[in-house]
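Take a look at the structure below.
Predicted model, so just to flag it, every value in this text is computed and none were measured. Residue numbers start from 1 in every chain, and the chains themselves are labelled A, B, ... in the order their sequence lines are given, proteins ahead of strands.
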There are 2 protein chains.
Amino acid sequence: MDAIDIKILNCLKTNSRQNASAISEQINLSVSAVIERIRKMESNGIIKQYTVVLNSAQTGNDMSAFISVSIEHPKYHQNFMDKVTGMPNIRECYHITGEFDYLLKLEAGSTAQLELVLNSVKSIDGVSHTHTLVVLSTVKNEISGMPLLMQNLKGFK
Amino acid sequence: MDAIDIKILNCLKTNSRQNASAISEQINLSVSAVIERIRKMESNGIIKQYTVVLNSAQTGNDMSAFISVSIEHPKYHQNFMDKVTGMPNIRECYHITGEFDYLLKLEAGSTAQLELVLNSVKSIDGVSHTHTLVVLSTVKNEISGMPLLMQNLKGFK
DNA sequence: CTTGAAAATAAATCGCG
DNA sequence: CGCGATTTATTTTCAAG
């Protein structure tokens, strides 16, 4: 991965649906080279996925919360992770240091739905203690990792 | 937004670079209709952005942490949000209920970098108290909101 | 919404710096 | 590795049913 790849990733981050010739113009590289580099990054796994970001206010899932969870014994961990992975309202799950074991991000369309999800989490085997934070507003939410990539580069588009 | 739109969004979520004809085949709708529906969702803002998900392990930003922040007085809020928005290592910032005012997600490439970011956050005006959780592993991280959309639908692809 | 043909674009190929 | 002209294949557009 060099500076050119990063420029390409930056273009794709902004709009992953733009084609190679559009990118080519933006970064002053031939279309063939752009295509070749994209293919390489797809096949070696740097590019994991192309996806779409939706307006959650319009899709009706604009309520979110974080819940910290303690598990009473290590034997429950695998089951907990499996359960959580299968629950669509749980969007993120992190294993963390500190007082709690996991931090989950939930999304729902109403407080009632949120309550249901919270209760399901609390009733997973081994969950001993939880702490819930409701999100009042999202100040920032950068998806994938581009700005960071660019920190260490001088001249990018 | 109807069930067909949701099928289209689901396709785009899986791979936003696939074109209308590919989607058309998957959901048994004519190409023109697919294009028209996508355009509509783009222009009315349901589709916010097409983006790419990178492998952070390979891009060198695979270290992350959450930091909860208390602000000592409301007058500091705006400045805090502005600062945080401008910091690339801060990927997410939520205004939350509870003991703290904000929850931030940080990403960095090393513990040293992480430490720097933590210190920058702590030195923003008005920050009175913080609590840091380091992420040991990411169990789940679903990006945009598709699975939730589908909960309420019976027959999707 | 669908179809199908025309028009416009994009991608793959391939010698060659 | 990158370029860029050519060929090949796809896609989008549009008018009509």
Minimum-distance nucleotide (side-chain atoms of [X] versus [options]):
X: Arg37(B); options: dT13(D), dC1(C), dT2(C); answer: dC1(C)
X: Leu29(B); options: dT12(D), dA11(C), dC1(C); answer: dC1(C)
X: Ser30(B); options: dT3(C), dC3(D), dA12(C); answer: dT3(C)
X: Ala33(A); options: dC1(C), dA10(C), dC3(D); answer: dC3(D)
X: Arg39(A); options: dC1(C), dT13(D), dA12(C); answer: dA12(C)

Interatomic distance, [X] [atom1] vs [N] [atom2] [rounded to whole Å]:
X: Ile23(A); N: dG2(D); atom1: CD1; atom2: C1'; answer: 17 Å
X: Glu25(A); N: dG4(D); atom1: CD; atom2: P; answer: 13 Å
X: Ile35(A); N: dT9(C); atom1: CD1; atom2: P; answer: 16 Å
X: Glu42(B); N: dT12(D); atom1: CD; atom2: C1'; answer: 14 Å
X: Met41(A); N: dC1(D); atom1: CE; atom2: C1'; answer: 15 Å
X: Asn19(A); N: dA10(C); atom1: CG; atom2: C1'; answer: 7 Å
X: Glu36(A); N: dG2(D); atom1: CD; atom2: P; answer: 7 Å
X: Ile4(A); N: dC3(D); atom1: CD1; atom2: P; answer: 8 Å

Answer yes or no: are there more than 12 heavy-atom neighbours, outside Lys122(A) itself, under 6.0 Å from its atom NZ?
yes
With distance as the sole test, does Thr130(B) use its side chain to make a donor-acceptor pair with the main-chain N or O of Ser68(B) at under 3.5 Å?
no
Hey, can you tell me if Phe100(B) and His129(B) have their rings parallel, tilted or perpendicular (30° and 60° cut-offs)?
parallel
Side-chain donor-acceptor pair present, Asn119(B), Glu115(B), cut-off under 3.5 Å:
no
Quick one: do the Ser21(B) and Asn19(B) side chains pair a donor with an acceptor below 3.5 Å?
yes
At 4.0 Å (heavy atoms only), tell me whether Ser21(B) reaches a base, stays on the sugar-phosphate, or touches nothing.
sugar-phosphate
Closer to the 5' end of DNA chain D via nearest nucleotide, is it Arg17(A) or Ser32(A)?
Ser32(A)
